[in-house]
There are 4 protein chains.
Amino acid sequence: MSASLSLEEKKRRKRALILEAAVKLFSENGFAETPIAAVAKEAGVSFGTVFTYFETKDVLFQASVLEPLEEIKPYFHEIEERYSGNPMEMVKEMIHCQVDQFSKSMDYLRLIQQVLARPDRYPALFKELDDFVNVFIDKIYPVIAEGQGMGLFYKDAPPLIAQSYLSLINGMRLTFIDDYTNLVWNDMKIQALRLFGPVADAREEMQ
Amino acid sequence: MSASLSLEEKKRRKRALILEAAVKLFSENGFAETPIAAVAKEAGVSFGTVFTYFETKDVLFQASVLEPLEEIKPYFHEIEERYSGNPMEMVKEMIHCQVDQFSKSMDYLRLIQQVLARPDRYPALFKELDDFVNVFIDKIYPVIAEGQGMGLFYKDAPPLIAQSYLSLINGMRLTFIDDYTNLVWNDMKIQALRLFGPVADAREEMQ
Amino acid sequence: MSASLSLEEKKRRKRALILEAAVKLFSENGFAETPIAAVAKEAGVSFGTVFTYFETKDVLFQASVLEPLEEIKPYFHEIEERYSGNPMEMVKEMIHCQVDQFSKSMDYLRLIQQVLARPDRYPALFKELDDFVNVFIDKIYPVIAEGQGMGLFYKDAPPLIAQSYLSLINGMRLTFIDDYTNLVWNDMKIQALRLFGPVADAREEMQ
Amino acid sequence: MSASLSLEEKKRRKRALILEAAVKLFSENGFAETPIAAVAKEAGVSFGTVFTYFETKDVLFQASVLEPLEEIKPYFHEIEERYSGNPMEMVKEMIHCQVDQFSKSMDYLRLIQQVLARPDRYPALFKELDDFVNVFIDKIYPVIAEGQGMGLFYKDAPPLIAQSYLSLINGMRLTFIDDYTNLVWNDMKIQALRLFGPVADAREEMQ
DNA sequence: TATGAATGAGTGTTCATTCAT
DNA sequence: GATGAATGAACACTCATTCAT
């Protein structure tokens, strides 16, 4: 009802603006080759303002990695809650949601890869991502195990299967770059599923 | 018995030393965060010497990417020549060789990923890698097609299958970092194979 | 009483300080042998500050050449407006003003000579100076022509006479270096005048 | 008669080749912006060979300035011996020879100017040139004095007249650059003469 | 003697960070 | 809080000089 936003709200928006610009530029140009000045320009704020919201460049990078991670977490950690049906259907649904999620924020996947590629450079962030992965593996473990019991999935160790799936997602981001189309990602969903168990042709179901 | 090395030979060795150091450091720290001085120190030469062998830092990076690529090419481009048996056996053998190849030069895979992640930054290198991939896809196409005809492989478009395989390799490099063991890579070979066709358990064969 | 200087004014002054230091050092040591750090030190600022005001060393050199040129232009381009009397008196007056002008900013003359000596190195600056000279020649043309008509000046082509005059000024800067005194420059004014027409002894008038 | 040159002769020629290249490049690009490697290339010798003949870059520059100076000296120091007739004729002849001399080696004049412009940078060379000028002034003094006695020349101090003449030559090199033609230099000879005494039109005589 | 590889001092430029306004 | 000027550490690259061959 009030015409002017509250001061708090204004600040929150400016912070979000900067963070969004940071994710974009860090992912495009890498941490080292992204000057703070470029982030400020992209965000439409002055150079000094960036430092008002983020103490240092490293802090800005941390926030760029961790804050979007929180938004993605539900899709990876709330397996039983979000997906339903028998294990095969659950995994199908999960892949669908997760790949869509990443295909909508490909920038962000690049950021993650920068951290994964240099664990010594970003130890704290790396640990966060590692934890993220391990929780995912823990959560999906029973689903895979159940699927194996039902003869739907390969009998290999569930963590291995889970990791191969994550690897494929990461690798896809590197492999398909310029002419990105949803079609490719959709086709890839089947391939992802095949890491879990033999699937002759599930294309229509993955759309 | 041995005469002293020829000047040419000495130069070749020093160049190789520098290149090796560059691949190592570029892959560990990224292009932007690797000072030439660090490469020189790693190679045991003065930093001025690096410029004797490589005009600029960019040229050194190019060489770091392209020269090892030549060594790897045979494993990817001489499909029919190198691998034998029916399509399933050929692909098994190929995966075995290629994954071993990369697991022995994990540094190098990181370099490739830096290029793939920034096509605009490294347009010439990106094109080389893109060509490399496309030739691979062309070469493996008939093998996959034949396997499909024999009912061994999934019926999806062969290029799609090939790309998913490359994605998995790339992604594996990001996913398995610190505690690298041959075991993980070996287990992953089965997963890679499953992108081509249903394979209940081929572990013993992939060793 | 005085309010503190406005930010704009402060910036203008700092810029002028740097430019002044640059003119001094560039003229003394030449462009290539003047480190930016030396200019900064002379101006009493950190070397980073120089880059705040001048994008590159080349830009600083350009400004060092072009900005003082603007101050000198009136003495060379507003011939009819500034000088009066018959052609002989006008030229006398002009030489007096121009030589005084240069004798007060001998540093600057050295800068100009660096540009004149290397047209390919400083093409844009050279063109500016060339234009400057050509406009001067155009402006003084009618004065010389009139003086020739009155039998005061030699009958050679006015541009030739004008150029010989400019050459003398330039050469004087090279010839008289250490023990500069106004006396020499004053004596030279007569010699300059004699390039225009025969002047038995005009010393007293040139003072 | 002997087919192969003596070793001494070969060395002398190589040295001359290097020196010639040095004069050319130093005059075109300045001392600081002329790498030794460029001189070597221009001379068609290897990089290291330059150091065989000239200890350091400074020594090479010194030789580039001093050795051609010796060749030019006769034209400036053997006034009475070389030129004949009454003072006016002598000076005419002298100007003719000297300007021709410089118009044939304009490169060299640039080198001289580099030294003149930076006495503190090249103290020894500067002294040589200063001595050269002073000897010239001494030698021409009686000629001018005699011309003054005969009513041919202006009555100003002979050293002043001599210096104005040298200034004009130096300045001409700076003023006429790109479209150099002998015509301009010839026309300038009259102007040079007019610094000594009133000359209505001596063009035909200066050719 | 001729060569050019090895070296490292020197310098232009970038950019994170600080801080006065 | 917002701004952007000031600072100097860091780094790519050049090039004179040395020296082994």
Side-chain angles (χ1 to χ4, degrees), chain A residues 7 10-11 14-15 31-40 45-61, chain B residues 4-8 10-11 14-15 18 31-40 43-60, chain C residues 4-8 10-11 14-15 18 31-40 43-61, chain D residues 7 10-11 14 31-40 45-61:
Chain A
L7 202 62
K10 262 178 160 173
K11 282 170 59 178
K14 192 168 274 193
R15 189 178 182 285
F31 176 78
E33 295 186 62
T34 302
I36 293 270
V39 175
V45 303
S46 88
F47 171 64
T49 301
V50 176
F51 288 94
T52 305
Y53 290 88
F54 302 92
E55 271 188 334
T56 67
K57 195 184 179 185
D58 271 287
V59 167
L60 176 59
F61 187 69
Chain B
S4 69
L5 274 64
S6 75
L7 196 63
E8 276 307 305
K10 261 179 155 176
K11 281 174 62 178
K14 191 162 277 190
R15 189 178 182 285
I18 294 169
F31 177 78
E33 296 187 60
T34 302
I36 291 268
V39 175
V45 301
S46 86
F47 84 85
T49 300
V50 176
F51 288 96
T52 302
Y53 290 87
F54 301 93
E55 277 189 333
T56 65
K57 195 184 178 187
D58 270 287
V59 168
L60 177 58
Chain C
S4 70
L5 273 64
S6 76
L7 197 63
E8 276 306 306
K10 261 180 154 174
K11 280 173 62 177
K14 189 161 278 192
R15 189 179 181 285
I18 293 169
F31 177 78
E33 296 186 60
T34 302
I36 291 267
V39 175
V45 302
S46 86
F47 81 84
T49 300
V50 175
F51 287 95
T52 304
Y53 290 87
F54 302 93
E55 276 188 334
T56 65
K57 195 185 179 186
D58 271 287
V59 167
L60 178 58
F61 187 69
Chain D
L7 202 61
K10 261 178 163 174
K11 282 169 63 177
K14 193 168 273 193
F31 176 78
E33 296 186 60
T34 302
I36 293 270
V39 175
V45 302
S46 89
F47 172 63
T49 300
V50 176
F51 288 93
T52 304
Y53 290 87
F54 302 93
E55 270 188 336
T56 66
K57 195 185 178 186
D58 271 287
V59 167
L60 177 58
F61 187 69

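Computed over heavy atoms, backbone and side chain alike; hydrogens, waters and symmetry mates excluded. Throughout, protein chains are lettered first and strands after them, A, B, ... in sequence-line order, and every chain is numbered starting at 1.
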Checklist outcome for this item: Checking dA6(F), dG4(E), dA16(F) against the side chain of S46(C) (C-beta onward), the nearest is dA6(F)

Checklist entry - If you look only at pairs with a residue in residues 43-56 of chain C, which of them pass as a side chain to side chain donor-acceptor pair (under 3.5 Å), with sequence neighbours excluded? => result S46(C)-T49(C)

Checklist entry - Roughly, in whole Å, what's the span from NZ in K10(C) to P in dC19(E)? => result 16 Å

Next on the checklist: Give me the atom names and distance for the closest heavy-atom approach of K57(A) to A32(A).
Outcome noted: NZ-O, 3.9 Å

Item to check | Nearest heavy-atom neighbours spanning I18(B) and A43(B) | outcome: CA-CB, 3.9 Å

Checklist outcome for this item: I36(C) atom CD1 is separated from dT7(F) atom C1', nearest whole Å, by 15 Å

Checklist entry - Can you list, by residue number, the residues of residues 47-60 of chain B that have a non-hydrogen atom closer than 4.0 angstrom to DNA chain F? => result F47(B), F51(B), T56(B), K57(B)

Next on the checklist: If I take atom CD in residue E33(C) and atom C1' in nucleotide dT14(F), what distance separates them, rounded to the nearest angstrom?
Outcome noted: 14 Å

Checklist entry - To the nearest 0.5 Å, what is the distance between NZ (K14(A)) and NZ (K10(A))? => result 8.0 Å

Checklist entry - Taking for each residue the nucleotide of DNA chain F bearing the nearest heavy atom, is the 5' side occupied by K14(C) or by T34(B)? => result K14(C)

Next on the checklist: Rounding to an integer number of Å, can you tell me how far F61(A) CZ sits from dT17(E) C1'?
Outcome noted: 19 Å

Next on the checklist: Rounded to whole Å, please give me the gap between CZ in R15(B) and C1' in dA6(E).
Outcome noted: 17 Å

Item to check | side-chain contact (heavy atoms from CB on, under 4.5 Å) partners for A37(A), two or more places apart | outcome: F47(A)

Checklist entry - Excluding sequence neighbours, so at least two apart, what forms ring pair (Phe, Tyr, Trp, His ring centres under 6.0 Å) with F61(A)? => result F26(A), F31(A), Y122(A)

Next on the checklist: Expressed as a whole number of angstroms, how long is the span from E8(B):CD to dA5(E):C1'?
Outcome noted: 12 Å

Checklist entry - So what is the 5' to 3' dot-bracket string for DNA chain E, if pairs are Watson-Crick or G-U wobble with both distances under 3.5 Å, crossing pairs use [ ] and | means the partner sits on another strand? => result .||||||||||||||||||||

